[in-house]
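Quick notes on the structure that follows.
The structure presented is a predicted model; accordingly, all values stated were derived computationally and were not measured. In each ligand, atom 1 is the first atom listed, and ligand 1 is the first ligand listed.
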Amino acid sequence: MRGDDARKLTLVLRKRDGDLVHLYDSSGSAFEAQLAITDARVRARLVRTIAAPPVESLEIVLAQGLPKGQKMDFVVEKATELGVARIVPLVTERTQGEGAREGKTERWRRLARAAAQQCGRSGVPEIEAPLAWSEMCARFSEFERVLVPWELAKVEPLAGRLPGLLTGVRRVAVAIGPEGGFSHAEIEQATAAGAVTISLGRRILRTETAGLVVCGILRYAAGEL
Ligand code: SAM
């Protein structure tokens, strides 16, 4: 390999000629390989197949209201580290970010690949092209549970609610509003499509914080943290 991946191995991770590394392919298979480094070129000689990291028992899809600026980069990277299976950038009534441009989606896919390599997870999360809220609501039936954190929801500790909400659930979607949150109409649309609103407490979390908090809690509830 050459270019970014080679530079990351030699300059960032400071790997040396002869070092052993673990490699993961997009199917989640894992290998131990020995590096042969010459100038700007890195080759990996496969030594053996190793046990792939366990696939998460709870499949999480994060539908993230497109935030302003570069915040989506942060969400993609952290959600990848938390084992999210798929990230759906959402275009809602109050999204202001210009993230809906296609070029951003390719950037996020590169960031997800790099974050997956860094954290040693199995596979790379899918990053979808931006989706309108109504289209996301129409897909809620793909999940056994859809959680929509809403700052105006009744404040009820998740410790009491989640066990019941996650019983028998293998695929869960979490939908987070943008900086301006969801409109009442969007919340009604979501609950009519089967989503459950949840409170994340009395403090208002930033849009880039909220989804990661919920993913972490779900990982904990699934016994994976
Ligand atoms: N509309 C809110 C306001 O103007 O104060 C802010 C929305 S918040 C920045 C962005 C998203 O994070 C919300 O749409 C919601 O999904 C989630 N969120 C943040 N704090 C929350 C809380 N305490 N309870 C439930 N959801 C929350």
Side-chain angles (χ1 to χ4, degrees), residues 58-100 104 108 111 125 127-128 130-166 169 171-222 225:
L58 179 65
E59 186 179 314
I60 303 173
V61 172
L62 175 62
Q64 170 66 51
L66 276 168
K68 290 183 279 189
Q70 304 284 31
K71 287 186 265 187
M72 191 66 170
D73 292 7
F74 175 82
V75 171
V76 166
E77 189 174 77
K78 302 312 163 201
T80 299
E81 293 169 37
L82 285 165
V84 162
R86 177 185 297 268
I87 299 173
V88 183
L90 284 178
V91 180
T92 68
E93 280 179 44
R94 299 175 184 170
T95 41
Q96 299 164 36
E98 81 295 345
K104 286 260 187 167
W108 295 330
L111 285 171
I127 312 293
E128 292 196 17
L131 197 66
W133 180 240
S134 50
E135 291 174 280
M136 185 64 206
C137 291
R139 288 175 47 182
F140 282 0
S141 56
E142 293 173 19
F143 308 94
E144 286 104 348
R145 179 66 67 205
V146 177
L147 300 174
V148 178
W150 185 38
E151 61 281 9
L152 300 181
K154 182 174 170 237
V155 177
E156 287 179 281
L158 288 177
R161 289 193 73 193
L162 268 192
L165 289 174
L166 294 180
V169 171
R171 293 196 83 209
V172 60
V174 179
I176 301 293
E179 287 88 350
F182 289 115
S183 69
H184 281 270
E186 287 170 329
I187 292 294
E188 281 161 22
Q189 204 178 354
T191 49
V196 170
T197 56
I198 56 172
S199 169
L200 299 180
R202 299 189 188 289
R203 289 181 296 276
I204 299 295
L205 307 180
R206 287 181 181 274
T207 184
E208 66 271 26
T209 310
L212 303 176
V213 165
V214 178
C215 292
I217 291 170
L218 290 174
R219 282 285 166 247
Y220 171 78
L225 277 190

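Of the protein's heavy atoms, Gly177 O, 3.4 Å lies nearest to atom 11 (C) of ligand 1. Among protein heavy atoms, atom 16 (O) of ligand 1 sits closest to Pro149 O, 2.7 Å. At the shortest separation from atom 23 (N) of ligand 1 among protein heavy atoms lies Arg203 O, 2.7 Å. Ala210 CB, 3.5 Å is the protein heavy atom nearest to atom 12 (O) of ligand 1. Protein heavy atom nearest atom 7 (C) of ligand 1, with residue, atom name and distance: Glu179 O, 3.5 Å. In this structure, the protein non-hydrogen atom closest to atom 21 (C) of ligand 1 is Glu151 CB, 4.0 Å.
Ion pairing between a basic and an acidic side chain is recognised when a charged N comes within 4.0 Å of a carboxylate O; Arg86 and Glu142 show no such pairing. In this structure, Glu179 pairs ionically with Lys71, as a charged nitrogen and a carboxylate oxygen lie closer than 4.0 Å.
The shortest N/O to N/O separation between Trp150 and ligand 1 falls below 3.5 Å. Residue Ile198 has no N or O atom closer than 3.5 Å to an N or O atom of ligand 1. Not one N or O of Ala175 is nearer than 3.5 Å to an N or O of ligand 1, by distance alone. Considering backbone and side-chain N/O of Ile176, none are found under 3.5 Å from N/O of ligand 1. In terms of polar-atom proximity, defined here as any N/O pair under 3.5 Å, Leu200 does make such a contact with ligand 1. Taking any N or O of Gly201, backbone or side chain, at least one lies under 3.5 Å from an N or O belonging to ligand 1.
Taking the six-membered ring where the residue is Trp, Phe182 and Trp133 present tilted rings, their angle falling between 30° and 60°.
In this structure, the separation between CD on Glu135 and CG on Leu90 is 10.0 Å, given to the nearest 0.5 Å. Rounding to the nearest 0.5 Å gives a distance of 4.0 Å between OG1 of Thr207 and CD of Gln64. For the atom pair CH2 (Trp150) and CD1 (Ile187), the distance works out to 5.5 Å, reported to the nearest 0.5 Å. Of the inter-residue distances, the one linking Leu147 atom CG with Leu218 atom CG reads 6.0 Å to the nearest 0.5 angstrom. Taking OG1 of Thr95 as the reference point, atom NZ of Lys68 lies at 11.5 Å (rounded to 0.5 Å).
A distance-only check finds a donor-acceptor pair linking the side chain of Glu186 to the backbone of Glu93 [under 3.5 Å]. Under the 3.5 Å distance criterion, the side-chain polar atoms of Arg219 are matched with a main-chain donor or acceptor of Leu58.
Between Gly180 and ligand 1 there is a heavy-atom distance shorter than 4.0 Å. Under the 4.0 angstrom criterion for non-hydrogen atoms, Val148 is not in contact with ligand 1.
Of all the atoms in ligand 1, the ones that sit under 4.0 Å from a non-hydrogen atom of Ile204 are 5 (O), 6 (C), 20 (N).
When heavy-atom distances to ligand 1 are checked against a 4.0 Å cut-off, Pro178 comes that close only through its backbone atoms N, CA, C and O.
Checking Thr197, Leu205, Ile187, Val174 against atom 8 (S) of ligand 1, the nearest heavy atom belongs to Leu205.
Exactly one residue among Val155, Leu165, Val148 makes a side chain to side chain contact (heavy atoms under 4.5 Å, CB included) with Ile198. That residue is Leu165.
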